[in-house]
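Since the structure comes first, as structure tokens, the remarks are kept for the end.
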Amino acid sequence: MTGTATAVDVRGLATPPGPRLPVGLQSLLFARYRHRWLPQLRRRYGDTFSIRIAPYNRHMVVISQPEDIRGVFSGQASVFHAGEGNAILGPVMGEHSVLLLDEAAHLRVRRLLMPAFHGASLPGYQHLIRQLTRDELARWPAGAEFRVHDRTTALTLEIILQVVFGVTDSARLAELRPVVEQVVNISPLTMLGWFYPRLRTKWPWRRFFQIQRDLDRLLYAEIAERRVASDLDTRTDVLSQLLRNSGVSAADGRPGLSDAELRDNLITLLLAGHETTATALAWACHELARNPDVQRAAHRAADANDEEYLEAVAKEAMRLHPVIYEVARRVTEPVAVGGYRVPAGATVLPAIGLVQSDPRAHRTPGRFDPNRFLGEQPAANTWIPFGGGVRRCLGAGFSLLEATVVLGELLRRFELVPLRSVAEPARPRNITLAPGRGATVRLLPRTGRTAGRSGEDRGPVRTAGR
Ligand code: HEM
């Protein structure tokens, strides 16, 4: 039965086995140690197993066979609800977020967002990404011990803010920056409090609502001004594109995005679009520092503007250190997955982290080897950092472009020296898994080489956008 994810033939099948620990303990293990706990559970129960998670004692079925994952990703959108599976993000992103919607409502918003992140739009962002990267790298302290993750977070926030809003209103950007940072740093515990209304008047939940009100005020002000901006037709930022697309839709008789929908999806893009890439870049720097041979090859690639190799470095970092460990699909009717029955209402979790570390899918999976992504590519559904199917990450191509440009600029200027030989442990940070010590390295300037030659001089970065 492996390889099926179907809504039929479930009679007679058992539900997947799993630990009998109290739901509170399972929730804690999942929230804090999923990257260690889920591999243990796979060793004990096999490729498909059940866990129970708060709130509401939810039944989660973890799957890790590429064929089963394919079945779920290509399953009917009416049966596999990613929006419901992402409900935990509701308090931060809002009910109209593309991440929270399902079926026709999801497709409508996804179609409106897609053109801004489509392959044809990406080259238009490259100059901005490169310029912001150069400004940022000019402040990196050569010779000093340095937490790369802190600064990649600042850089990717700046990039996504300017890509989404444009650069014209620097005063509003200055206001937005710290508020978005605060929203990103809201802990999963605080998010969980949203599901228990009695907690909402108490600290830290009260503070969470205050931050949200500040963010809403800024976003609604920006939307209102942009709706009547005289240069709306010529602006290239995402918000202006969304307003133009929505206008076209309205003229067609189809509804465009309302202010509330715009607000929720702007927050979604800001949050989904910066912490993830920042973390992938931090892991890439961490591994480059620990693997001098790979770093030498990456320096040569940066000097020669070999984007294919730099993109392979980013992809391999995303494989070895999945930024998001699993995605979620809540099933609306009983389905058969991996030879088991998944009851209606349960959530299937295609485990990115399990399949990407599986020796059956990747030879010597613990090794950092970008060559895996040169020439022959990993088999289908064995490299899935961006999820899959109709819910695949909208920013996948954008984030690979961003990572390739940033790595190229960084490696043209610096050598990354590790401080310790041991790898940094992964630590959950909101929905991501980040390097536990912030990817701390020492930066040595690369003088007297080709450092400083502009990648831009030699044409645009091409990303496969897989
Ligand atoms: C390394 C960087 C990134 C990683 C690892 C990542 C990962 C993911 C994953 C795993 C999903 C869920 C897919 C699924 O359920 O199958 C997702 C969805 C999404 N991501 Fe990303 N992402 C990254 C960067 C970005 C960027 C830069 C943006 C926007 C600028 C973005 C916007 C979105 C959106 C809007 C969705 C929801 C898609 C939908 O539900 O239709 N992401 N991402």
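One-based numbering, in listed order, for ligands and for the atoms of each.
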Heavy-atom contacts under 4.0 Å between [X] and ligand 1: side chain, backbone, both, or neither?
X	result
His106	side chain
Met318	side chain
Arg110	side chain
Asn86	neither

Which residue and heavy atom of the protein sit nearest [atom], plus the separation:
atom	answer
atom 13 (C) of ligand 1	Arg391 O, 3.2 Å
atom 30 (C) of ligand 1	Phe117 CE2, 3.4 Å
atom 12 (C) of ligand 1	Val327 CG1, 3.8 Å
atom 16 (O) of ligand 1	Arg329 NH2, 2.7 Å

Atoms in ligand 1 flagged as close to [X], the criterion being non-hydrogen separation under 4.0 Å:
X	answer
Val98	35 (C), 40 (O), 41 (O)
Thr277	1 (C), 2 (C), 27 (C)
Ile160	30 (C)
Phe398	27 (C)
Gly388	16 (O)

Gap separating the CG atom of Asp264 from the CG atom of Asp216, nearest 0.5 angstrom
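Reported to 0.5 Å precision, the distance equals 8.0 Å.
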Interatomic distance, Phe414 atom CZ to Glu409 atom CD [nearest 0.5 angstrom]:
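Atom-to-atom, Phe414:CZ and Glu409:CD are 11.0 Å apart.
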Any heavy-atom pair between the side chains of Glu158 and Glu136 that's under 4.5 Å?
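Not touching, per the 4.5 Å side-chain cut-off.
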Using side-chain heavy atoms (C-beta onward) and a distance below 4.5 Å, is Tyr125 in contact with Ile159?
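No, their side chains stay 4.5 Å or more apart.
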Go through it in stages, so that I can follow the logic: the residues are Thr279 and His149, the test is side chain to side chain donor-acceptor pair (under 3.5 Å), and I'd like the CA-CA distance, side-chain angles, deciding distance and then a yes or no.
CA-CA 6 Å; Thr279 306; His149 194 198; 3.2 Å; yes
Any N/O of Thr268 closer than 3.5 Å to an N/O of ligand 1?
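N/O-N/O distance under 3.5 Å: no.
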Thinking salt bridges, do Arg329 and Glu84 make one under a 4.0 Å N-O criterion?
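Answer for the salt bridge query: no.
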Leu107: what forms a side-chain contact (heavy atoms from CB on, under 4.5 Å) with it, not counting sequence neighbours?
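For Leu107 the side-chain contact (heavy atoms from CB on, under 4.5 Å) partners, ignoring immediate neighbours, are Arg111.
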What do the steps show when you test Asp369 against Arg319 for salt bridge (charged side-chain N to carboxylate O under 4.0 Å, His left out), and what is the final call?
CA-CA 10 Å; Asp369 180 10; Arg319 182 199 65 81; over 6 Å; no
So between Gly85, Gly389, Ala280, Pro385, whose heavy atom ends up nearest atom 10 (C) of ligand 1?
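The nearest heavy atom belongs to Pro385.
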In terms of relative ring orientation, are Phe386 and Trp383 parallel, tilted or perpendicular, with 30° and 60° separating the classes?
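It falls in the perpendicular class, over 60°.
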Please work out whether the ring planes of His321 and His286 are parallel, tilted or perpendicular, with thresholds of 30° and 60°.
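Plane angle over 60°, so perpendicular.
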Regarding Arg226 and Ser240, do their side chains bring together a donor and an acceptor under 3.5 Å, going by distance alone?
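Distance-only check passes for Arg226 and Ser240.
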Ring of Phe30, cation from Arg34 - is the NZ or CZ under 6.0 Å from the centre and inside 45° of the axis?
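Geometry flag: set, cation within 6.0 Å and 45°.
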Matching residue for Val62 among Val348, Thr48, Leu354 - test: side-chain contact (heavy atoms from CB on, under 4.5 Å)
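Only one option passes, and that is Leu354.
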Option among Val313, Leu410, Val441 that satisfies the side-chain contact (heavy atoms from CB on, under 4.5 Å) test with Leu288:
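The option that passes is Val313.
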Tell me whether His274 reaches ligand 1 (any heavy atom closer than 4.0 angstrom to a ligand atom).
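No.
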2.8 Å cut-off (strict), protein N, O or S atoms about atom 21 (Fe) of ligand 1:
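Step by step: take atom 21 (Fe) of ligand 1, keep protein N, O, S below 2.8 Å, and you get 1.
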